Protein chains: 2
Amino acid sequence: MRDENLVGCRVCGAPLATAVRGRPPVYCSRSCQAKAYRRRAGARGRPAAAPPAAAEPAAHAEGRSRRRRQIAEAVWKIAAERGLEAASMREVAAGAGVSLRVVQYHFGSKHGLLVSALHLLHEENDRRARARMAALDDPEDLRAVLGAVLNEFLPLDEQRRGALRVFVAYYVRSLTDPALAEVFLHASQPVEQLVAGLIRQAGAAPGTDPGREADLLVSGVTGLGMDVLHGRRTLADVRTTLDYHLDRILPAH
Amino acid sequence: MRDENLVGCRVCGAPLATAVRGRPPVYCSRSCQAKAYRRRAGARGRPAAAPPAAAEPAAHAEGRSRRRRQIAEAVWKIAAERGLEAASMREVAAGAGVSLRVVQYHFGSKHGLLVSALHLLHEENDRRARARMAALDDPEDLRAVLGAVLNEFLPLDEQRRGALRVFVAYYVRSLTDPALAEVFLHASQPVEQLVAGLIRQAGAAPGTDPGREADLLVSGVTGLGMDVLHGRRTLADVRTTLDYHLDRILPAH
DNA sequence: GGTTGCTTGATACGACTGTATCAATGATGC
DNA sequence: GCATCATTGATACAGTCGTATCAAGCAACC
């Protein structure tokens with residue numbers, strides 16, 4: 001297999017400590033390696049146009065977060081399609097189109113990867129939800145806003161469907177992983193309060209408690225979405241149920 | 001290690017085919033093995049009192065289902081405490097106090113084990129729920145019956161807490177495992193209909209749709225129970241919310 | 001006595017997992 | 001030319017996983 005590498009340093013001579021662990025050596029010393037590098041750099045000619053300007057300092061940090069995000073997206077994709085237990089380091093690396101070592105380097109351990117991916121997922125979901133809210137026709141129609149907030153938890157399209165699957169998978173993990181539970185508890189508190197506020201502003205029916213209504217509404221829509229996920233209910237049925245309850249809570253349509 | 005076993009058959013002589021796979025042989029043939037067995041049986045003396053009566057034919061089947069159940073319980077326990085991904089064949093065997101081979105023999109494969117354990121879990125939960133319903137003070141108090149049905153999905157005690165954890169873990173698995181999804185879909189349909197029927201009988205407030213109320217109630221109480229599981233809500237808060245909605249739906253307390 | 005059947009014990013295999021180790025690659029500053 | 005830095009490539013290791021294989025245990029029938 002490795003015929004020519006068995007002899008010695010590619011630049012000078014032959015020491016080449018034969019370490020059995022890790023990547024097999026090709027040079028006898030760092031300086032010989034530098035020599036070889038400069039030779040290659042010279043043969044490649046000068047870089048296209050802006051060699052001295054170099055990359056601005058922000059580029060490093062940006063490239064880093066982009067890579068982390070790219071890897072996290074692979075975690076989401078695998079978790080949505082085949083479950084979190086299929087998201088091994090190697091599968092994630094392959095899904096992101098990077099090497100195993102890169103995943104190790106950027107997240108330290110598998111646990112770190114899972115926690116970071118959940119963090120990024122929460123941010124991403126918030127971003128998307130806000131974008132959809134901003135795209136509403138009439139932001140003054142509070143009932144429509146309320147419906148949009150609740151619809152965010154239903155598998156209406158492939159994106160939300162995947163998000164819900166990943167969310168549920170992570171939830172189950174969090175039951176036996178305190179670090180993941182932490183992320184859940186510190187992230188998604190204000191949903192019920194938002195819904196309760198909307199109900200209050202939109203004019204709830206007399207005698208209704210917006211807070212209690214919001215509690216059942218949010219947890220209920222999540223449960224209904226889970227039912228849709230594995231085919232126990234149809235999406236149309238869930239939307240009808242939801243409409244019924246919105247009509248009930250906000251009679252002044 | 002195996003000093004004396006290297007020579008030959010314990011009864012007659014020496015052939016002893018040296019198979020490298022599986023359990024190392026000790027006898028040269030089945031008949032020699034039978035001889036050794038009969039010798040041991042003779043030395044042990046006659047069994048206590050009822051040797052010829054033998055075991056009735058049903059004992060076999062009963063012993064089998066008992067063993068299956070014992071192993072399934074180990075699956076539930078592990079899944080509740082450390083998640084379904086911790087339920088390896090070896091862990092389950094250890095938890096049930098049997099050998100790995102016994103788990104293999106009675107369930108064929110890990111997938112078969114998981115599916116059977118889920119089946120048995122559904123039966124067990126039904127049994128326990130019915131028992132709790134039968135123990136109600138006044139079976140005519142329909143509101144109390146309704147409350148008991150819904151409370152079955154809340155982690156009120158260690159048993160229900162574990163059941164909910166296992167249930168959720170299995171649900172997530174079922175999203176990527178059709179055989180498990182099958183068990184879910186064919187088992188737990190009538191809950192909402194039961195709740196709707198109770199609401200109807202108990203006298204719902206005018207203008208309310210018992211079916212839609214039941215849908216949100218059941219899915220909502222499941223979601224609230226999940227919130228309790230990882231500490232996002234307190235049990236008292238959930239019960240208050242539930243009481244509020246029961247009062248709303250059934251005003252004629 | 002020998003044979004057959006169901007059940008269990010005692011290994012073994014190959015695949016995969018998370019992680020660790022060592023070196024090469026570029027780039028920058030001296 | 002040399003040292004140093006963050007990043008990536010190329011392995012290797014120890015362990016666990018599900019499963020397969022062969023034989024022993026035990027009871028029943030012939």
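Each chain gets a letter, A, B and so on, in the order its sequence line appears, and its residues count up from 1. What you see is a predicted model, and the numbers here were worked out from it, not measured in a lab.
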C12(B) and C28(B) have their tightest heavy-atom pair at SG-SG, 3.0 Å
Strictly below 4.0 Å: does S88(B) bring a side-chain N or O up to OP1 or OP2 of dC17(D)? yes
For dA23(D), does either OP1 or OP2 sit under 4.0 Å from a side-chain N or O belonging to R21(B)? no
Between C1' of dT17(C) and CG of L100(A), the distance in whole Å: 10 Å
Between C1' on dC16(C) and CD1 on I78(A), what's the gap in Å once rounded to a whole number? 15 Å
Integer-rounded Å distance: dG2(C) P and Y27(B) OH: 15 Å
Taking all non-hydrogen atoms of both residues into account, name the closest pair between F184(B) and S174(B) and its distance. CD1-CB, 3.9 Å
Measure the distance from CZ on F107(B) to P on dT8(C) and round it to the nearest whole Å. 12 Å
Nearest non-hydrogen partners of H111(A) and A179(A), listed with the distance: CE1-CB, 3.4 Å
How about R127(A): does its CZ atom have over 12 heavy atoms from other parts shown lying under 6.0 Å from it? yes
Any donor-acceptor pair under 3.5 Å joining the side chain of R30(B) to the base of dG5(C)? yes
Both A86(B) and V102(A) contact DNA chain D. Taking the nearest nucleotide for each, which residue is further toward the 5' end? V102(A)
Nearest to the K35(A) side chain among dG18(D), dC2(D), dA23(D), which nucleotide is it? dC2(D)
Separation of atom CZ in R67(A) from atom P in dT7(D), rounded to whole Å: 10 Å
State whether the number of non-hydrogen atoms from other residues, nucleotides or ligands found under 6.0 Å of H119(B) atom NE2 is greater than 12. no
Given the options Q70(B), R69(B), K77(B), E73(B) meets side-chain hydrogen bond (donor to acceptor under 3.5 Å, both in side chains) only with R69(B)
Rounding to a whole Å, what distance do you find between R90(A):CZ and dC16(C):C1'? 7 Å
Distance in angstrom units between Y37(A) OH and dT28(C) P, rounded: 8 Å
Does dG9(D) have OP1 or OP2 sitting under 4.0 Å from an N or O in the side chain of Y105(A)? no
Classify the side chain of R40(A) and the base of dG26(C) as holding, or not holding, a donor-acceptor pair under 3.5 Å. no
Output the rounded distance in Å from CE (M89(B)) to P (dC17(D)). 11 Å
Nearest nucleotide by nearest heavy atom, which residue falls closer to the 5' end of DNA chain D, A87(B) or A36(B)? A87(B)
Under 3.5 Å, is there any donor-acceptor pair linking the side chain of R101(A) to the base of dT11(D)? no
Any H106(B) side-chain N or O less than 4.0 Å from OP1/OP2 of dT8(C): yes
On DNA chain C, nearest-nucleotide positions of Q104(A) versus R38(A): which is more 5'? Q104(A)
Please tell me which of S99(B) and E91(A) maps to the more 5' nucleotide of DNA chain C, matching each residue to the nucleotide holding its nearest heavy atom. S99(B)
Taking donor-acceptor contacts at under 3.5 Å, does the side chain of Q33(B) reach the base of dG25(D)? yes
